[in-house]
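Let me begin by presenting the structure, written as structure tokens, before commenting on it.
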2 protein chains.
Amino acid sequence: MSAPTTEGSTYRHPHPAVAVDLAIFSIRDGQLCLLLIERGVEPFKGRWALPGGFVRMTEDLQAGAQRELLEETGISQAYLEQVGAFGRPDRDPRERVISVGFYAIIASDRIELRAGSDARLARWWPCDELPALAFDHSQILARAREQLKDRVRRSAVALQFLPPEFTLTELQLVHELILGEKIDKRNFRKWVTGLKYLHATGRERRGGPHRPAALFRARPNANALAADAGFDAPEEDLARTTSRAVDAAYRKGFLDGLRAFRQRLATVEDELSRSLKS
Amino acid sequence: MSAPTTEGSTYRHPHPAVAVDLAIFSIRDGQLCLLLIERGVEPFKGRWALPGGFVRMTEDLQAGAQRELLEETGISQAYLEQVGAFGRPDRDPRERVISVGFYAIIASDRIELRAGSDARLARWWPCDELPALAFDHSQILARAREQLKDRVRRSAVALQFLPPEFTLTELQLVHELILGEKIDKRNFRKWVTGLKYLHATGRERRGGPHRPAALFRARPNANALAADAGFDAPEEDLARTTSRAVDAAYRKGFLDGLRAFRQRLATVEDELSRSLKS
DNA sequence: ACAAAAGTGTTACTATTACACCCATGG
DNA sequence: CCATGGGTGTAATAGTAACACTTTTGT
């Protein structure tokens, strides 16, 4: 709470440090990826860790997470959701640190990490090829991952991975990557159009030797359903802008990746069926 | 995370206080109730607040919540689940306090509050007649309430409200109170027996001028499904003991309350149907 | 005998899953 | 003309919701 157990005064006692840690997700090259930072100092020097930092005395937790996100990626607005507080007394060997975990979603058209503001190494790791993480970050990540799955199943939050205009196949791919299972195309489309989140823009994307795909856009209030009502500061989502250059880069990163993903999927399926036969 | 944004050292900076706040639920007299404490000092002197207190430097968050629970109620083991961190900078006017919310469930056979360890007033409030709360406690409570609902829908956590032996009607009542809606008796029984949480003990409870009710007991691992895997310290549930005296008191508190509840429900339904006609 | 809660199955409806072909394009 | 992904409907199944009467007891 806020009142000491022994009421009467705000007596002095030692305070722990409070940090925020971010599991920043994005889809890169057709894989669900996580942004990690290589630690340059002890403890866990050389290990990869979730980006994060201490909460300032005058900022909200959500604001702190947003600030960290900005510092790490140069992105000032993104979907952000708290996953809870982690406070094992020994989780940081230096001092008592209580960490509030968040996850963030970066749309695939937000291309690159901020040109490394300092020497720290930051890179995207595919979620299924992660290195060992520092501190208890794998716990935080596990919860973030679960919560993300849950939200994807029950809301339109997957839109946050995509640029403002997208095709239904792209949206489906996002779902498949996060849920880790293949989804039937027709059922998915029934579901997604049943929820009234989307509207066709009338425009289409031509991306190869095949029928062009209709482009959709989220309805203004689509994220209301994904929004994390209840915590201190549910932040709203601003419409992102699209430029020709971004679009091209996006297509290169996302669509080519999609192709690669399909490829991998087919390979895996083949292996599976072959191993089942033998 | 745990490393400062500007890596290199654990530099000095001001730390916020960290507290835990508990939404302690129980069913008393056929109503879902919440344990509140009347504040004896400013700020919010005279207002009711969630029990809570500062986290000690060497204790886990969950352990801190458990300690608060013990201090407030004399109960050392109860279902406890984190609902998240609340950290608006202005939520406590005295100093920066970040609070980690939990909810706890006290079984109805755990009768009374610890004889007031000091002058503080503590009492059970029916959840639908709560007073205005201090700080941002109504926010914390709202989340706790939601999370509880969610868990009840998807797990056997409702068992935590009941003594080790209980009837299906009692379990159903718990569900109805938490979800705030009437449930069909047959469908409920189908559901609850379908999940294999329960087994009939063969014993029965005779409680009035009607057919005796079969007594059930949770299977040892029933709460595994309710357990909050992922946070630092998922705590296990110990079997509670039952004595004759407790049983009698329980029946008085719970069953009489049940009757009262039914009464109220009938009244409300009557009013509703009457108002619909006119 | 009656009031009060315990107990018990079936049917309708709704939501979810499985499934296969034609279409438009670029090369 | 062919390879590639885009787009569409229907039938089976499972899950959920609605619904009413008989049983056993205490008084």
Side-chain angles (χ1 to χ4, degrees), chain A residues 30 152-154 162 165-176 179 181-196 198-216 251-252 254-266 269, chain B residues 30 152-154 162 165-176 179 181-196 198-216 251-252 254-267 269 273:
Chain A
V152 164
R153 257 190 269 267
R154 287 195 248 291
L162 295 173
E165 285 200 331
F166 51 88
T167 68
L168 293 185
T169 303
E170 287 162 11
L171 184 56
Q172 180 179 343
L173 182 69
V174 174
H175 279 251
E176 288 175 345
L179 301 180
E181 62 193 29
K182 209 160 165 11
I183 299 170
D184 179 84
K185 203 204 300 188
R186 281 172 288 190
N187 293 339
F188 178 75
R189 284 155 116 93
K190 224 182 297 169
W191 178 76
V192 83
T193 50
L195 319 167
K196 305 279 190 332
L198 309 183
H199 65 105
T201 60
R203 309 198 328 119
E204 47 186 33
R205 172 176 296 142
R206 332 185 138 250
H210 53 80
R211 184 170 171 176
L215 284 169
F216 287 77
R251 278 176 50 188
K252 173 139 182 40
F254 195 93
L255 293 178
D256 291 2
L258 193 156
R259 231 157 278 139
F261 174 75
R262 287 278 155 84
Q263 208 58 49
R264 273 203 310 286
L265 201 72
E269 277 171 351
Chain B
V152 164
R153 257 190 269 267
R154 288 195 247 292
L162 295 172
E165 285 199 331
F166 51 87
T167 68
L168 294 185
T169 303
E170 287 162 12
L171 184 57
Q172 180 179 342
L173 183 68
V174 174
H175 278 251
E176 288 175 344
L179 300 179
E181 61 194 29
K182 209 161 167 9
I183 300 170
D184 179 84
K185 204 206 297 188
R186 282 171 286 190
N187 292 338
F188 179 74
R189 282 164 186 244
K190 225 180 297 168
W191 178 77
V192 83
T193 51
L195 319 167
K196 305 281 191 330
L198 307 184
H199 65 104
T201 60
R203 310 198 325 118
E204 47 187 33
R205 172 177 296 142
R206 330 185 141 251
H210 54 78
R211 186 172 171 174
L215 285 169
F216 287 77
R251 277 175 51 189
K252 173 138 183 40
F254 196 92
L255 293 179
D256 291 3
L258 194 155
R259 229 158 278 136
F261 174 75
R262 287 279 156 83
Q263 209 56 50
R264 272 203 311 285
L265 202 72
T267 313
E269 278 171 349
S273 64

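Within every chain, numbering begins at 1; the chains are lettered A, B, ... in the order of the sequence lines, protein sequences first and strands thereafter. Below, each value reflects all heavy atoms present in this structure, side chains not excepted, and no hydrogens, waters or symmetry copies.
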Nearest 0.5 Å please: distance from the [atom1] atom of [X] over to the [atom2] atom of [Y].
X	Y	atom1	atom2	result
B:Leu215	B:Arg203	CG	CZ	6.0 Å
A:Leu173	A:Ile183	CG	CD1	9.5 Å
A:Trp191	A:Arg153	CH2	CZ	10.5 Å
A:Thr167	A:Leu162	OG1	CG	8.0 Å

Whole-Å gap separating [atom2] ([N]) and [atom1] ([X]):
X	N	atom1	atom2	answer
A:Lys182	D:dG5	NZ	C1'	12 Å
B:Glu176	C:dA5	CD	P	13 Å
B:Phe188	C:dG9	CZ	P	18 Å
A:Phe216	D:dG7	CZ	C1'	10 Å
B:Ile183	D:dA18	CD1	P	12 Å
A:Gln172	D:dT8	CD	C1'	14 Å
B:Asp184	C:dA5	CG	P	17 Å
A:Asn187	D:dT10	CG	C1'	11 Å

Next item on the list: Look at the side-chain N and O atoms of A:Arg211 and state whether any lies under 4.0 Å from the OP1 or OP2 oxygen of D:dG5.
Entry: no
Notebook entry, point to check: Are OP1 or OP2 of D:dG6 and a side-chain N or O of A:Thr169 less than 4.0 angstrom apart?
Noted result: yes
Notebook entry, point to check: If you take atom types as modelled and just measure distance, does the side chain of B:Arg186 reach the base of D:dA20 with a donor-acceptor pair under 3.5 Å?
Noted result: yes
Next item on the list: Map B:Lys185 and B:Trp191 onto DNA chain D by nearest heavy atom, then report which one ends up closer to the 5' terminus.
Entry: B:Trp191
Notebook entry, point to check: Given that A:Pro209 and A:Leu168 both sit by DNA chain D, which one's nearest nucleotide is further toward the 5' end?
Noted result: A:Pro209
Item checked: Candidates D:dA18, D:dT4, D:dG7 - which lies nearest the side chain of A:Ala214 -> D:dG7
Note to self: I want to verify a distance call: between D:dT4, C:dA6, D:dG26, whose nearest atom is closest to the B:Arg189 side chain?
What the structure shows: C:dA6
Notebook entry, point to check: Of the non-hydrogen atoms in B:Phe216 and B:Leu168, which two are nearest, and what is the gap between them?
Noted result: CE1-CG, 3.5 Å
Next item on the list: Between A:Lys190 and A:Glu204, name the one whose nearest nucleotide on DNA chain C is closer to the 5' end.
Entry: A:Lys190
